[in-house]
Structure formats: structure tokens, C-alpha cells
Amino acid sequence: MKYALPLIALLTAAAPATQNIPRPGTIRVQLNTSEGPIVVALDTRHAPATSGNFLAYVDDGRFDGTSFYRAARDKRDPKKGFVQGGIRTDARRILPPFPLEKTSQTGIKHLDATISMARGTTPSSAGGNFFITVGPTPGMDARPGYDGYAAFGRVIAGMDTVKKILAKPSGGGQDAMKGQMIFKPVTLINAKRLDGKPQPTKEPRMWLYNFGG
């Protein structure tokens, strides 16, 4: 019996490490920002195309040196809403388009701490921009007559960082983004996968070249 207590203590001390083990069908990515890190778990099982696209940007380094530039706060509760980041309109970093994976297909809903792809007016226009929700946003889910947005994972660490970004002073913008552009965008220093081996694409990395002389 004299060895029981040390053994229990040892098991208790080791338990938290299991939280860092990825679940089957997910790949974790760490987004290092100037406000702190964010770790997301991508659901590669239910949203393979969307997760694959995001990982391609990560593995190529296309997110490195970009920013979180949009803070869309709920007018009824400013502590809720979503933050948006990525390559904005930098055509040098963009990868080819891919089909929209609707929430009605994947079963991944826009709940609190969901990562999803931003897109334009056409369903398959998502690319190098994404957003993270603070609080549920069911209006972004697919429904009859509306394609919605492609949710593909969730934040598993760093929601405090996401909330800091959401609280950043904002303004400017137009149309749907009116008043939501962060005055001093938060730098997305780099994005690194935590699971598996990087699989960079063979697409040109034009943003790395300075053609200005």
C-alpha cells in the first residue's frame, strides 16, 4: 500500500498530456498571432476538401505574414460575432478554387469556436480567407435556398486570443464589412500543422519574390 499514493500521483500528473493527442480524423494547426496563439482542429473526416485547402495554405506558408483584419461584432452583444483573417485579396498567394462543402453535407455547424471559410457571392469562391466564430452563428449554416459557409473545424485552444481580436477597434469597410475593418490588423505570424507531415503544393509562391528591384 505504501506505493499506491506515488502511483496515483504519477498517473494524475500524466493525464493532461492526453489532451494534446489528436482525435482520429482531425489535424491540429497552430496559428501564431501578434496577440497570442490559436490552435484549431480540422475535421478532415467530414470536411476533407475544405480541410485540405486550408492545410495547403498552411504547408505552403501562404498564411505566414498575413493578418486578422476583420472584427464582426454582434450589435446586440458585442462580445459575440466572428473574426476574419487570411490573405485578403493578395492574388500572389491564392490557390485554385474547390467545391463548397455545405454544413448540410458535413454536419459541422457554426457553433461557438468554429473555424469556417469566408467566400464571395458564388458557392465555390472560398480560398485563402477564413473566420472564427465567438458564440453560435446558425445563420451561416446551409438551409433550403441558401448554401451557407463551409465550417471545417473548431478552436481547441486560444479562444482568449480570438476574443482579443474581436474586441479590436474597427471601422471603415463597405457593404457587409462596413465598420468591421480592424484599424491595426493583428499579424498572423505563421501557421504550422501540429500533426502529420507537411505536404506543400507545387503552385508558385510569387509573394516571396520582390519584383520591384
Task: Flag if over 12 foreign heavy atoms under 6.0 Å of OH, Tyr209 - done: no
Open item on the list: Assess, by modelled atom type and distance only, whether the side chains of Asp60 and Thr201 contain a donor and an acceptor separated by less than 3.5 Å.
Closed with: yes
Task: Exercise: do Thr161 and Glu35 side chains pair donor with acceptor under 3.5 Å - done: no
- [ ] Would you name the heavy atoms of Pro48 and His46 that are closest together and state the gap between them?
- [x] CD-C, 3.4 Å
Open item on the list: Taking the side chain as everything from C-beta on, heavy atoms only, tell me whether Val39 gets closer than 4.5 Å to Val155.
Closed with: no
Task: Straight-line distance of Ile115 CD1 to Leu42 CG, nearest 0.5 Å - done: 6.5 Å
Task: Thr103 and His110: side chain donor to acceptor below 3.5 Å - done: no
Open item on the list: Between Arg92 and Asp90, does any NZ, NE, NH1 or NH2 come within less than 4.0 Å of an OD or OE carboxylate oxygen?
Closed with: yes
Open item on the list: Within the structure provided, determine whether Met117 and Phe152 are in side-chain contact (heavy-atom separation under 4.5 Å).
Closed with: yes
- [ ] Before giving the answer on side-chain contact (heavy atoms from CB on, under 4.5 Å), spell out for Val186 and Ser34 the whole-Å C-alpha distance, their side-chain angles and the decisive distance to 0.1 Å.
- [x] CA-CA 6 Å; Val186 173; Ser34 54; 3.3 Å; yes
Task: Ile156 to Ala41 - nearest heavy-atom pair and separation - done: CG2-CB, 3.9 Å
Task: For the student: nearest non-hydrogen atoms of Arg62 and Pro204, plus distance - done: NH2-O, 3.1 Å
Open item on the list: Can you confirm whether more than 12 heavy atoms, excluding those of Lys80, are under 6.0 Å from its NZ atom?
Closed with: no
TODO: Under the side-chain contact (heavy atoms from CB on, under 4.5 Å) rule, what do Arg193 and Leu55 come out as? Steps first, then yes or no, please.
DONE: CA-CA 8 Å; Arg193 70 156 73 205; Leu55 287 170; 4.0 Å; yes
- [ ] Step through it carefully: locate the ring centre of Phe63, locate the ring centre of Phe54, and say whether they are under 6.0 Å apart.
- [x] yes
Task: Arg73 and Ser170 side chains, donor-acceptor separation under 3.5 Å - done: yes
Task: Shortest non-hydrogen contact from Ala191 toward Val29 - done: CB-CG1, 4.5 Å
Open item on the list: Do Phe68 and Thr33 make a side-chain contact, defined as non-hydrogen atoms from C-beta onward lying under 4.5 Å apart?
Closed with: yes
Task: Step-by-step side-chain contact (heavy atoms from CB on, under 4.5 Å) determination, Tyr69 to Ile182 - done: CA-CA 5 Å; Tyr69 53 85; Ile182 299 174; 5.5 Å; no
Task: 4.5 Å side-chain heavy-atom contact, Lys163 and Asp160 - done: no
- [ ] Write down the atom of Ser124, the atom of Pro97, and the distance for their closest heavy-atom approach.
- [x] O-CB, 3.5 Å
Open item on the list: So Tyr57 and Leu95, do their side chains get closer than 4.5 Å, heavy atoms only?
Closed with: yes
Task: Within-4.5 Å side-chain heavy-atom neighbours: Thr133 and Leu111 - done: no
Task: Nearest heavy atoms of Leu100 and Ala150, plus distance in Å - done: CD1-CB, 3.7 Å
Open item on the list: Quick check on side chain to side chain donor-acceptor pair (under 3.5 Å): which of Thr50, Asn53, Thr106 does Glu101 satisfy it with?
Closed with: Thr50
Task: Side-chain (Asp175) to main-chain (Met177) donor-acceptor, under 3.5 angstrom - done: no
Open item on the list: For the residue pair Arg70 and Phe131, would you count it as a cation-pi contact if the rule is NZ or CZ under 6.0 angstrom from the ring centre and within 45 degrees of the ring axis?
Closed with: no
Task: Close aromatic pair by centroid cut-off 6.0 Å: Tyr149 and Phe130 - done: no
